[in-house]
Amino acid sequence: MTQEEANLEVRLEEQEEFEPPESFVEQANVSDPGIYEEFEENWPECWEGAADLLSWDEPYETVLEDDDAPFYEWFTDGELNASYNCLDRHVEDGSKNRAAIKWEGEGGETRTYTYGDLLNEVEAFAATLRDLGVEEDDVVTLYMPMIPELPIAMLACARIGAPHSVVFAGFSADALATRMNSADSEHLVTCDGYYRRGDGLDHITKANEGLEGVDHEVSDVVVVDRLGDELEHSLSDGQHDYDELIADHEGASVEPVSRDAEDMLFLMYTSGTTGKPKGVKHTTGGYLSYAAWTSHAVLDVKPEDTYWCAADIGWITGHSYIVYGPLALGTTTVMYEGTPDYPDKDRLWEIVEKNRVDIFYTAPTAIRAFMKWGEQYPARHDLSSLRLLGTVGEPINPRAWKWYYKHIGGEECPIVDTWWQTETGGMMITTLPGVNTMKPGTAGPPLPGIGASVVDANGDDVGAGEAGYVTVNKPWPGMLRTLYKNDERFIEEYWEEYSDEDAVNRQLTSPHSTSSREDADEWVYFPEDGAKLDGDDYITILGRVDDVINVSGHRLGTMEIESAVVGVEGIAEAAVVGGHHDVKGEAVYVYAIPEDGYEADADLEERAAEGILESIGPIAKPEEVIFTPELPKTRSGKIMRRLLEDIASGNELGNTSTLRNPGVVDDIAEQVDN
Ligand code: PRX
């Protein structure tokens, strides 16, 4: 390193605030700081601008209907179709030949779908689904990896008004069955396999095993042949080959169905405190407006851009910011099938260079891995096409932020650190890249029109420099509408904590009762995240305050993992917590008590890990399984999770003398490698 470089390094390390470059501001979709006041003064009508980004079949009558809060409605009585908005209107506007999806297979194979191509294939698949008997409002499960047929299937569902429920391909057979059962889904689209680090990975066996666990009849299964000869698979009765179906329906024309703004666009299952995943319901008008508006305002997406969100469509980030937001705006969205280190650790930068990517959006866990691999990998490539960078999914530490800023953005790209959730549908707390100063490690202020604040346990706003909990005291268009077929759990999970008690009781005792109109001001949404506020009203997210952990930006319920572990023969009790991990953010630690007569040996450890793989999937793979004759408990018999987290993270342990069984702590701590 030269002296000049060393000086630069020191300067960057010490710098706490960064201004967006002039060149970025000049061209930004949003650059007027007055937008915050404008939204505040004109709320909720300010959201008409988001709806205006879409084409409506029928105009909406009311922007926000809050009579039955917190069951809010947005753009009431409006009608539209999401697939029309993502495809037809761009084709009609003369962008037929613009690339909609640029797909990169792991092995270097590529496929480009223009808006015209994509519309044709979506229509052919929509016609197929209809022929298979899929009707409006039927939930279609898509258990697929990052292949173009996944967004095609999503848009085909949207076209005929059938909500999709995408199940992340890395989830296990059991997880697939649980989700299909919960959603009463009778239709499945899946594939034979996909590539991971050069190998063809079998997926169909897992899908078939999952189908065995479905408690109702599944009328049809469509299988995409991704691996060709590499994986021989035979289709059983009721299973169809995707390519054959598309060939049979080539040239089909399927009118997009006009959906009510409040009709369900999709379901997305996510983890919560209890063992059962929650089916988050998103709607057509509000969700799509919000995905499009945030893509426009925060990601600065323009139709002529090549935009890349390196997430998986199996999670909400991919729904909102690989598929719906970018395609609604008519841009080119990049999709990559594989891992970032195959065939080498510069794979992503090679894709950026080759496609001249303008905007790149990823998770802090990936950035920490890039840092660990070293700056020589991005240095091999010309990344000068990049204009904006983004992160999502977990807190980003200032060091990783600065590394990203310097080595990927060349100190010329603003970074948006976007806080949001499956439930919020789109971004909620982040800087606007053409407006705000950036502070590494701090997401930023709430977006215009978003009533997010940091409060104490009583719900009162905390002062500058203080920590508390994130709450949202105003509805927003992208919000979840309910949990699938479970309005009660919806209230209990998200609204009970900070809303007016009487209002909550009214909704719980006589839900949707018109005789007890709710006062919308009484409702406060609780995302279950801790946060800190600074003097500029910027919010630093501290992480979950419930029993949910965040492993590599993936949200996992510790209770779900615990129930998988206690389901293993030979394990009597278990506690699962997250421990600090340098790259993953958090890692899964299992503390388990063997049943009488079972040895705490390598075999039991392996079976515990296997139990987790079977019920959830490899993303929940434990870092360590620690056997102990007892778990540390309070005098009242509650497991001291905080203490187990500290042990897993290698933190100093506080006073343990108030435990019922303090002796157990040292025994456990000795076994943990850190
Ligand atoms: O804890 C927050 C964390 O991810 C949780 C939401 O997870 P999920 O629903 O899977 O959605 C992830 C992608 C939107 C939040 O409750 N989280 C998300 N973004 C950030 C974050 N934590 C800190 N900073 C972020 N930018």
Side-chain angles (χ1 to χ4, degrees), residues 83 87 100-101 103 105-107 109-136 138-162 164-167 169 173 176 180 185-195 200-212 214 217-257 313-314 323 335 337:
S83 121
L87 301 169
I101 297 179
W103 176 80
E106 197 194 59
E109 165 197 358
T110 60
R111 274 195 247 168
T112 297
Y113 291 80
T114 63
Y115 274 94
D117 300 335
L118 196 59
L119 175 59
N120 288 342
E121 192 153 332
V122 165
E123 287 197 85
F125 198 55
T128 300
L129 290 173
R130 278 227 175 114
D131 274 1
L132 290 173
V134 177
E135 291 181 4
E136 199 172 340
D138 285 355
V139 176
V140 179
T141 301
L142 310 177
Y143 184 41
M144 295 162 92
M146 289 291 284
I147 53 176
E149 290 81 359
L150 173 54
I152 288 167
M154 290 163 78
L155 293 166
C157 287
R159 196 164 190 87
I160 60 170
H164 51 73
S165 165
V166 178
V167 177
L176 170 66
M180 286 188 77
S185 175
E186 296 175 0
H187 312 275
L188 175 70
V189 185
T190 185
C191 71
D192 59 343
Y194 51 104
Y195 288 97
L201 204 74
D202 178 4
H203 185 65
I204 186 74
T205 306
K206 230 171 39 167
N208 283 332
E209 278 170 21
L211 284 168
E212 280 169 26
V214 176
E217 199 188 326
V218 175
S219 49
D220 39 66
V221 178
V222 177
V223 183
V224 176
D225 184 0
R226 164 75 188 115
L227 295 181
D229 294 342
E230 186 148 344
L231 184 90
E232 287 300 331
H233 68 277
S234 50
L235 298 176
S236 44
D237 264 2
Q239 299 198 335
H240 315 270
D241 177 68
Y242 175 92
D243 290 328
E244 281 176 22
L245 292 171
I246 291 289
D248 289 348
H249 294 85
E250 213 176 308
S253 157
V254 176
E255 271 299 295
V257 171
I313 296 176
V323 182
M335 253 182 99
E337 176 184 36

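For Asn208 and Thr205, the side-chain atoms include no donor-acceptor pair closer than 3.5 Å.
Atom SG of Cys157 is separated from atom NE2 of His164 by 6.5 Å, given to the nearest 0.5 angstrom. We find the OG1-OH distance between Thr190 and Tyr242 to be 13.0 Å, quoted to the nearest 0.5 Å. Residue Thr128 holds its OG1 atom at 9.5 Å from CD1 of Ile160, rounded to the nearest 0.5 Å. In this structure, NE2 in His187 is found 12.5 Å from OG in Ser165, a value given to the nearest 0.5 Å. With rounding to the nearest 0.5 angstrom, the NE2 atom of His249 is 13.0 Å from the CD atom of Glu121. Summarising the geometry, atom CD belonging to Glu149 is positioned 9.5 Å from atom CG belonging to Asp225; distances are rounded to the nearest 0.5 Å.
At least one donor-acceptor pair under 3.5 Å links the side chain of Asp192 to the backbone N or O of Leu227. With hydrogens and angles ignored, the 3.5 Å screen pairs no side-chain donor or acceptor of Lys206 with any backbone N or O of Leu176. Counting only distance, with no hydrogens or angles, the side chain of Glu337 and the backbone of Glu106 share a donor-acceptor pair below 3.5 Å. Between the Ser219 side chain and the Glu186 main chain, a donor and an acceptor come within less than 3.5 Å of each other. Remark: the backbone N or O of Ile204 is paired with a side-chain donor or acceptor of Asp202 at under 3.5 angstrom. Side-chain N or O atoms of Thr141 include none that pairs as donor or acceptor with a backbone N or O of Leu188 at under 3.5 Å. Under a 3.5 Å cut-off, the side chain of Asp117 and the backbone N or O of Thr114 do form a donor-acceptor pair.
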Could you walk me through whether His233 and Val223 satisfy the side chain to side chain contact (heavy atoms under 4.5 Å, CB included) test, starting with their C-alpha distance in whole Å, then the side-chain angles of each, then the deciding distance to 0.1 Å, before giving a yes or no? CA-CA 10 Å; His233 68 277; Val223 183; 4.0 Å; yes
Pair Arg159, Val122 - check side chain to side chain contact (heavy atoms under 4.5 Å, CB included), show working. CA-CA 8 Å; Arg159 196 164 190 87; Val122 165; 4.1 Å; yes
Begin from the C-alpha positions of Val166 and Tyr143 and carry the test side chain to side chain contact (heavy atoms under 4.5 Å, CB included) through to its verdict. CA-CA 6 Å; Val166 178; Tyr143 184 41; over 6 Å; no
Worked check of side chain to side chain contact (heavy atoms under 4.5 Å, CB included) between Glu123 and Leu87: CA-CA 10 Å; Glu123 287 197 85; Leu87 301 169; over 6 Å; no
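Using a 4.0 Å cut-off between a side-chain N of Lys or Arg and a carboxylate O of Asp or Glu, Arg226 and Glu109 qualify as a salt bridge. Ion pairing between a basic and an acidic side chain is recognised when a charged N comes within 4.0 Å of a carboxylate O; Glu136 and Arg130 show no such pairing.
Aromatic pair His203/Tyr194: centroids less than 6.0 angstrom apart.
Put simply, the side chain of Tyr113 reaches to within 4.5 Å of the side chain of Ile152, judged on heavy atoms. Looking at Val224 and Met144, their side chains come closer than 4.5 Å, going by heavy atoms from C-beta outward. Contact annotation: the side chain of Glu244 never approaches that of Val222 to less than 4.5 Å [non-hydrogen atoms, C-beta and beyond].
Closest approach of Leu118 and Ala100 over heavy atoms only: CD2-CB, 3.8 Å. The two residues Pro145 and Leu150 come nearest to each other via the heavy atoms O-CD2, 3.6 Å. For the residue pair Ala162 and Val134, the shortest heavy atom distance occurs at CB-CG1, 3.8 Å. Heavy-atom minimum distance, Leu129 versus Ala156: CD1-CB, 4.1 Å. Scanning all heavy atoms of the two residues, the minimum distance from Val323 to Ile313 falls at CG2-CD1, 3.8 Å. Scanning all heavy atoms of the two residues, the minimum distance from Ile246 to Ala124 falls at CD1-CB, 4.0 Å.
Counted within 6.0 Å of CD on Glu230, heavy atoms from surrounding residues, nucleotides or ligands total more than 12; the atom is thus considered enclosed.
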